[in-house]
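Below, read A as the first sequence line, B as the second, and so on, with proteins coming before strands; counting in each chain starts at 1. Just so it is clear, the values below take in all heavy atoms, side chains as well, and ignore hydrogens, waters and symmetry mates.
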Amino acid sequence: MLLIDLARTSAAVAADSARLAKIRHLAELLGRVEPDEAEIAIAYLSGELPQRAIGVGWAGLQDPPDPRLAATATLRQVNGLLDQIKAQVGPGSQAARKALITELFSAATRQEQTFLARLLRSELRQGALDGVMIEAIAKAAEVPVAEVRRALTLRGWLPAVGAAALNGGVEALRAFHLEVGRPVSPMLAQSATSVAAALGKIGGLAAVEWKLDGVRIQVHRSGETVTVFTRTLDDITAQVPEVVEAVGALSSQDLVLDGEVIALRPDGRPEPFQITSGRVSSRADVAGAREKTPLSVFFFDALRVDGADLLELPGESRHAALTGVVPAELVTPRLVTGETATAEEFYKDAVRGGHEGVVVKSPQAPYAAGRRGAGWIKVKPRHTLDLVVLAAEWGHGRREGRLSNLHLGARDPLTGGFVMLGKTFKGLTDELLAWQTERLLELSDGPADSWTVTVRPELVVEVAFDGVQQSSRYAGGMALRFARVLRYRSDKSAEQADTVETVRALML
DNA sequence: TTCCGACAGTGGGGTCGCAAT
DNA sequence: ATTGCGACCCCACTATCGGAA
């Protein structure tokens with residue numbers, strides 16, 4: 001199959017807003033792909049690379065060569081070049097990758113170049129990724145969608161599942177099963193604004209668990225071999241020997257567990273997320289890092305215990321299996337209750353202990369691998385501040401032509417100026433985007449550069465955020481975590497905005 | 001007919017490893 | 001030694017489609 005076939009399909013998918021039409025376009029293409037190219041086609045058209053990451057990003061794609069006129073590149077050729085690009089390491093690799101990118105783009109037409117650039121930047125922008133591709137695969141292979149979803153749950157990588165469906169039908173899909181050593185996409189949680197709201201969504205009895213501010217892990221054990229995966233299924237076994245030892249010490253030889261690693265201080269309170277994150281991603285001198293910043297591990301779910309797959313079982317049964325093989329000190333603190341007051345007290349305890357909040361879980365829900373299931377609902381406290389807009393950046397994609405990303409500042413009473421605390425683009429409706437674009441252009445005091453408009457500091461915006469973290473990026477040494485806009489405060493002037501002292505007090 | 005679940009898109013701060021300067 | 005880039009850790013929120021109610 002030719003690359004141009006994919007580029008054309010992608011353009012057609014982008015041009016139709018209806019999901020069913022997108023599915024038709026994708027299924028039509030999958031219906032004529034050759035068996036040995038199915039994996040490549042599915043990967044590209046769902047916005048990922050079979051190589052996963054190849055070391056080329058936004059900067060590496062600047063100044064593409066002139067496109068050619070005839071479309072002759074095949075999927076096999078393109079994918080072979082991507083393999084070569086990924087294989088470049090060591091001194092001179094940047095130039096070597098650049099040369100291969102030039103070779104790749106020189107062999108592409110204009111439409112193919114556009115498709116490749118979007119694919120390599122992970123910005124396909126065709127309104128279809130895995131979710132739509134699953135349906136397209138089912139349609140093209142003439143198998144039930146549920147069969148594709150089930151196989152994906154167990155295999156974790158859609159191109160492999162899709163190729164099996166196209167080439168082997170339902171039987172090939174049914175051959176997928178949970179394998180120790182091969183990670184499963186972790187189940188994710190929805191959010192609620194309060195414990196009461198979360199309990200309301202679950203209805204009746206619920207399990208309430210501490211939400212620890214660490215790194216999600218999935219641990220597999222087969223005999224003496226323990227492997228640790230992250231949320232995106234990366235293998236971090238070498239960075240977390242504490243986890244390997246803890247699971248290796250359990251009596252059960254055959255396990256798949258879901259949990260969190262976190263750096264705790266000697267008094268048991270959590271370190272800031274930055275500390276845990278740094279420790280987990282640090283590959284050099286793990287033993288030394290471990291001395292300084294030991295990791296603790298807590299498990300909250302079990303997907304497999306001693307040969308039994310538990311994914312389909314209710315949450316309570318999985319948790320019973322977990323506590324059957326893991327000692328209490330390695331299990332995330334948890335309470336089962338139907339009482340709102342009891343659950344709220346537990347939540348307050350967690351927050352007082354320095355933790356993120358809680359996850360409220362349905363005792364009945366199965367493990368919805370790879371999905372944001374309604375069976376898990378997280379609740380976290382929310383801080384708010386009234387901050388001043390210092391500048392705004394032009395948006396991309398559907399926000400093109402709109403001022404989108406706001407630079408947020410707190411008042412500094414000492415200087416009479418403002419200290420930047422970060423940016424946010426979240427929480428804005430289309431209506432608000434239109435309004436702020438107009439208003440900010442009125443307040444503009446000239447563009448700082450081609451994508452940022454600086455403004456007179458007059459507009460006050462109420463911002464919600466999860467916490468304040470240390471920052472080397474901003475002059476005040478602080479940055480907001482997960483800032484989002486709640487509303488503009490047209491009733492307030494900049495002199496009434498919150499001050500840096502208020503923010504600094506939140507960091508302690 | 002209305003409601004709501006699932007998905008895609010739009011980007012945020014921080015940290016590490018690596019290659020280039 | 002420092003800098004820039006890519007990848008990945010944490011992530012919130014809105015708009016939209018189409019099936020469920």
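Distances shorter than 4.0 Å separate some side-chain N or O of A:His396 from OP1 or OP2 on B:dG11. Listed pair A:Gln469 / B:dG13 fails the phosphate criterion, with no side-chain N or O lying under 4.0 Å from OP1 or OP2. A sub-4.0 Å separation between OP1 or OP2 of B:dA6 and a side-chain N or O of A:Gln190 is present. Considering only side-chain N and O atoms, A:Lys98 lies nowhere under 4.0 angstrom from the phosphate OP1 or OP2 of C:dC5. Considering only side-chain N and O atoms, A:Asn405 lies nowhere under 4.0 angstrom from the phosphate OP1 or OP2 of B:dT10. The side chain of A:Ser404 places an N or O atom within less than 4.0 Å of a non-bridging phosphate oxygen (OP1 or OP2) of B:dG11. Within the structure, a side-chain polar atom (N or O) of A:Arg473 is placed less than 4.0 Å from OP1 or OP2 of B:dG13. Between A:Arg481 and C:dC11 there is no side-chain polar atom (N or O) within less than 4.0 angstrom of OP1 or OP2. Between A:Thr424 and C:dA12 there is no side-chain polar atom (N or O) within less than 4.0 angstrom of OP1 or OP2. Between A:Thr232 and the phosphate of C:dC9, there is a side-chain N or O to OP1/OP2 separation shorter than 4.0 Å. Under 4.0 angstrom from either OP1 or OP2 of C:dC9 there lies at least one side-chain N or O belonging to A:Thr230. OP1 or OP2 of B:dC7 lies within a sub-4.0 Å distance of a side-chain N or O belonging to A:Arg149. OP1 or OP2 of C:dA12 has at least one side-chain nitrogen or oxygen of A:Lys378 nearer than 4.0 Å. Between A:Arg398 and B:dG11 there is no side-chain N or O to OP1 or OP2 distance below 4.0 Å.
At a threshold of 4.0 angstrom between heavy atoms, the contacts of A:Lys426 include nucleobase atoms, whether or not backbone atoms are also involved. Nucleic acid contact for A:Asp234: sugar-phosphate only, since backbone atoms but no base atoms lie under 4.0 Å from a heavy atom of the residue. No contact: A:Leu124 has no heavy atom under 4.0 Å from any strand. Within 4.0 Å of A:Ala483, counting heavy atoms only, lies no atom of the nucleic acid at all. At the heavy-atom level, A:Gln470 lies under 4.0 Å from the strands shown only through sugar-phosphate atoms. Contacts of A:Lys22 with the nucleic acid, taken as non-hydrogen atoms under 4.0 Å apart, are absent. Contact annotation for A:Val89: backbone-only contact, meaning every heavy-atom pair under 4.0 Å involves sugar-phosphate atoms and none involves a base.
In terms of heavy-atom proximity, A:Asp16 sits nearest to A:His25 at OD2-NE2, 2.7 Å. Heavy-atom minimum distance, A:Leu154 versus A:Val184: O-CG2, 4.2 Å.
Neither side chain, A:Glu209 nor A:Thr332, offers a donor N or O lying under 3.5 Å from an acceptor on the other. Judged by distance alone, the side chains of A:Tyr367 and A:Glu312 never bring a donor and an acceptor atom under 3.5 Å apart. A side-chain donor-acceptor contact under 3.5 Å links A:Glu393 and A:His407. Under the 3.5 Å distance criterion, with hydrogens and angles disregarded, no donor-acceptor pair is assigned to the side chains of A:His383 and A:Asp466.
Taking only side-chain atoms of A:Gln94, from C-beta outward, the nucleotide of C:dC13, B:dA19, B:dG11 with the closest atom is B:dA19.
When each of A:Asp213, A:Leu264, A:Ile262 is tested with A:Thr276 by the rule side chain to side chain contact (heavy atoms under 4.5 Å, CB included), just one qualifies, namely A:Ile262.
Along DNA chain B, the nucleotide closest to A:Ser471 and the one closest to A:Arg97 are compared, and the more 5′ of them pairs with A:Ser471. Residue A:Gly131 is the one, among A:Gly131 and A:Met478, whose nearest nucleotide of DNA chain B lies closer to the 5' end (criterion: closest heavy atom). Projected onto DNA chain C by closest heavy-atom contact, A:Arg19 and A:Leu486 fall at different nucleotides, the more 5' of which corresponds to A:Leu486. Heavy-atom nearest nucleotides on DNA chain C were determined for A:Phe425 and for A:Gly57, and the one closer to the 5' end corresponds to A:Gly57.
Nucleotide B:dC7 is matched to nothing when pairs are restricted to Watson-Crick or G-U wobble geometry with both distances under 3.5 angstrom.
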